[in-house]
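Have a look at the structure below before the remarks.
Chain naming here is simple, since letters A, B, ... match the order of the sequence lines and numbering starts at 1 in each.
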Number of protein chains: 4
Amino acid sequence: MPRPPGHGPGFEVRRQKIIDIAASLFAQQGYAATSINDLGRAVGLAKGALYYYIGSKENLLVEIQARVMGPLLSRARQIADLDTDPLLRLRLLSESLLTIIFRRLDHIWVYEHDYRSLSGAELKTLLGQRSDFEQVISGLLAEAVDQGTFRAMPPRLATLQFLNLHNHTYQWVRTDGQWDAAFLSREYCATLFRGFGAPDHALPKLEEQAEAFKRDRPELPLDPEAGWNSLPATEQPAGPGSGSE
Amino acid sequence: MPRPPGHGPGFEVRRQKIIDIAASLFAQQGYAATSINDLGRAVGLAKGALYYYIGSKENLLVEIQARVMGPLLSRARQIADLDTDPLLRLRLLSESLLTIIFRRLDHIWVYEHDYRSLSGAELKTLLGQRSDFEQVISGLLAEAVDQGTFRAMPPRLATLQFLNLHNHTYQWVRTDGQWDAAFLSREYCATLFRGFGAPDHALPKLEEQAEAFKRDRPELPLDPEAGWNSLPATEQPAGPGSGSE
Amino acid sequence: MPRPPGHGPGFEVRRQKIIDIAASLFAQQGYAATSINDLGRAVGLAKGALYYYIGSKENLLVEIQARVMGPLLSRARQIADLDTDPLLRLRLLSESLLTIIFRRLDHIWVYEHDYRSLSGAELKTLLGQRSDFEQVISGLLAEAVDQGTFRAMPPRLATLQFLNLHNHTYQWVRTDGQWDAAFLSREYCATLFRGFGAPDHALPKLEEQAEAFKRDRPELPLDPEAGWNSLPATEQPAGPGSGSE
Amino acid sequence: MPRPPGHGPGFEVRRQKIIDIAASLFAQQGYAATSINDLGRAVGLAKGALYYYIGSKENLLVEIQARVMGPLLSRARQIADLDTDPLLRLRLLSESLLTIIFRRLDHIWVYEHDYRSLSGAELKTLLGQRSDFEQVISGLLAEAVDQGTFRAMPPRLATLQFLNLHNHTYQWVRTDGQWDAAFLSREYCATLFRGFGAPDHALPKLEEQAEAFKRDRPELPLDPEAGWNSLPATEQPAGPGSGSE
DNA sequence: AATGAATGAGACTTCATTCAT
DNA sequence: GATGAATGAAGTCTCATTCAT
């Protein structure tokens, strides 16, 4: 969206380069911790000139997030509209999502960490896009349930598991590592589709055991904070019968 | 650990209350966007009195994260040391982790979003604790692979899937909803354990199909950004000779 | 000056001890850089109790300076009133002054460095005392000039040389060293009295030489800043006749 | 040394002007008591613009002291390296030192009073320069002793007397008065060189008298604080048996 | 006599943004 | 197109002082 009417031919090119660098800095140091001065130094431009290109700092955030969500949503819809098995479409969509995570890791960091720095209108747009993307996935999962490939389960729960598994990847992924988007997609889908699909006899005793544990071992509660205050201390109050006698 | 030499009996109580409120504000607005003035207003105390309790803003971050990681790591180690099936221990650990996510949702938000605001020494402590927790999980997963319950897979990959699925939960979970930690743990473990365990025949054709798709449909690449510049624009020349003919 | 009417017997004792400690802290860190908290910690008293004794921070400064100037001025007058040679009285006064510098080095540091932190009324008192002390010395020096022991010189100039030599001592003196007040007094007076007394033929050529130097070596001015900007650089502008030809 | 990469031509000029004004304010009110707001008001610039020039408040201190010590040390070394009588060189160095005291009285005040506000690294630099300057003087004085012009005396003691006499001058000197650096230098050197040089017979009886006084008049001790507690108070019991009997 | 708790002014500093040139 | 200079709000933190208990 070129703002002032009338710009030289290099304007948009340079503008995109500045957003690239901004995304990189924001990802490394955080949006709040990156000053316009930092950006200027990295770009090699004084502050005044920077504003000629960027409009405002918040606007950089908007652009960075548009870069991620625009193509992703567009491609997701194309894939969802294909005329094939929902599992295949989920698998393709998974790889598509992971591809952008690998390629635009900087942007994803910013997207995930600093979206709350957006003001009302922009935030609303962003949340709408997120919701749209979720619905594409929900639809495909529902198809798979409907056709019996997946066992019945709350549809939102399946969606959230799909998203958890994929979206948290940016936290640890390395673009210079041995894994790529195709590999991770294969693995994630293998886990999810088997996990969603297998009939209910696979892990029969596990839940029984868990119930038994919780019943029989009250002194070891699963709540990590239960009795936390007294854990490190040893001042067991010397109940009856203890001590010398 | 009372800092100045003398403190009245109410000091620690009030201090904990202030940390509670800080966690809530940080979770809502972000650490950087929450000023000490905001906190003072929320607590009902002037700035000076606030510093009497908190020491520094960064110290609040340290305390919030210690509240999460201390109990969690302690309990995780207790569970890992139990003399039972690794799957059961993973299941219990999963519920333990989800329990603290449900109970301390504020803290988890801060923990996940603002840990980079910590300075060197404190950050190192935190990353060490994170790594310790990961290793507890890795150990249990390795046990399950060794005893043949899970199929062979890169051990770090299994760990990361476990963590992705659980750790991203804070992004959407609602403490007032219908789901609780025990339910989510049941579902997550069902997905993961079936996904990790099923023999390799379950999804035979899927990867073949995916390969075929990528080969046969080059005009619909999985990379969301491929050809992105020309997509939203309308100047698709749609010249002669394009498309199948 | 006991302030509130009615104080226990230990009040004044403790008060003096607090002023001792305050002088020590002020001397080490400076008045502005020493907080009431620091003082409380050093004294072993909470802030509230401290104020019961000290009244205010500035009041400590007043007390510290009164401790120095009160005894000194009193003793100086006693010595000046003795019925002996002015040189002996100057010598005794010198030792008296150096004695308090050695014994109350802390106080002297504060006295010399932080008197400008005093507000109007207190500052006026202090400056009056300083002026009184100077006049005692001026009087003795005038006596010595009048009786011909010293050569004629501007009386204020002699006074200031006496004060310079003594008053700057606190900057480097060590109370644990080999020199004491009596030794320094002997040396200072030896220098001053010989310097003031010797007839004017002792250094005949020195001033001639100095005049000659200033006249003949204009390229090495005594003003340290003359030509300072061009000193480190070498960009001598290549005047006429220099260079190749 | 321009800090940020680019600066206009007026930058350094204005920067120097700001340091001038800062030195003036610091000298009048003290470094700690002068706020950046005060400086901004005096300069006619808002706080933000001020920081554009100064970097930090402490940096002003560094610059002020560099302005004094840089030229002074440089010139002192040039003078010490001259091929003339050490007395002449001391005389020239004395005038050089007094010249900068007269010209940069503001800076000298700051230099003498607030050097302890410097942080570790900067403080070390400063103390090193002070020590270098002292050594130049010590060397010249040692030369004069070696060639027999001065009587034998502890070398450090001679140096400290030289420095005391000169360095304390800033406390009372008036740049609008009748005395100038050349005059004071003449007088100081007359005092010091005669005082250092005169043979040991000049003041024979003085020390004998002083000894006698201390022995014979114990009720008038030179220590100003001896018996101080009872002096100003009126509760002198003056009981029987006190005093000589 | 003493304490812990509270206050509010003010300190230094950073930063997004604007504008004349 | 680009720059250096300027602004003013806001941020974190310190500190002398007061007061109920």
Quiz prompt | Counterpart residues, ring-ring contact (aromatic ring centres under 6.0 Å, His included), relative to C:Y111 (two or more places apart) | solution =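 C:Y111 satisfies ring-ring contact (aromatic ring centres under 6.0 Å, His included) with no residue once adjacent residues are dropped.
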Protein-nucleotide distance ([X], atom [atom1]; [N], atom [atom2]), rounded to Å:
X     : N      : atom1 : atom2 : answer
D:E12 : F:dA5  : CD    : P     : 11 Å
A:I54 : E:dT17 : CD1   : P     : 7 Å
D:L45 : F:dA5  : CG    : P     : 11 Å
B:L39 : F:dC13 : CG    : P     : 12 Å
B:L50 : F:dT12 : CG    : C1'   : 12 Å
D:Y53 : F:dA5  : OH    : C1'   : 6 Å
B:R41 : F:dA10 : CZ    : C1'   : 12 Å
B:H7  : E:dA6  : NE2   : C1'   : 13 Å

May I have all residue pairs that pass salt bridge (charged side-chain N to carboxylate O under 4.0 Å, His left out) and include part of [range], sequence neighbours excluded?
range                       : value
residues 29-55 of chain B   : B:D38-B:R41
residues 106-121 of chain A : none
residues 117-126 of chain C : none

Quiz item: Is the distance from OP1 or OP2 of F:dG4 to the nearest side-chain N or O of D:R15 less than 4.0 Å?
Solution: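 For D:R15, the contact criterion (side-chain N or O under 4.0 Å from OP1 or OP2 of F:dG4) is not met.
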Quiz item: Who are the side chain to side chain donor-acceptor pair (under 3.5 Å) partners of C:S24, not counting sequence neighbours?
Solution: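 Per chain and number, C:S24 pairs via side chain to side chain donor-acceptor pair (under 3.5 Å) with C:Q28.
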Practice problem: Hunt down any stem DNA chain E takes part in, defined as 3 or more consecutive Watson-Crick or G-U pairs whose two distances are each under 3.5 Å. | Solution: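 When the pairs of DNA chain E are grouped into runs of at least three, the stems are E:2-21 with F:2-21.
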Can you give me the N/O atom pairs linking the protein to nucleotides 14-16 of chain F at distances under 3.5 Å, or say none if there are none?
unit_1 : atom_1 : unit_2 : atom_2 : d
F:dA16 : OP1    : C:T34  : O      : 3.4
F:dA16 : OP1    : C:K57  : NZ     : 2.8
F:dA16 : OP2    : C:I36  : N      : 2.7

Exercise. Using side-chain contact (heavy atoms from CB on, under 4.5 Å) as the criterion, list what pairs up with B:A42, not counting sequence neighbours.
Key: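 Here the qualifying residues are B:I21, B:L25.
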Exercise. Could I get the full list of side-chain contact (heavy atoms from CB on, under 4.5 Å) partners for A:Q16, not counting sequence neighbours?
Key: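 A:Q16 satisfies side-chain contact (heavy atoms from CB on, under 4.5 Å) with A:E12, A:I19, A:R67 once adjacent residues are dropped.
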Practice problem: Starting from the 5' end of DNA chain F, give me the residue, D:A46 or A:G10, whose nearest nucleotide shows up first. | Solution: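 With D:A46 and A:G10 compared, the 5'-side residue is A:G10.
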Quiz item: Going by distance alone, is a donor N or O of one side chain under 3.5 Å from an acceptor N or O of the other, for D:H7 and D:Y52?
Solution: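 Indeed, the side chains of D:H7 and D:Y52 share at least one donor-acceptor pair under 3.5 Å.
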Self-check item: Carboxylate-amine/guanidinium contact C:R104 C:D20, below 4.0 Å
Solution: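 Salt bridge: yes.
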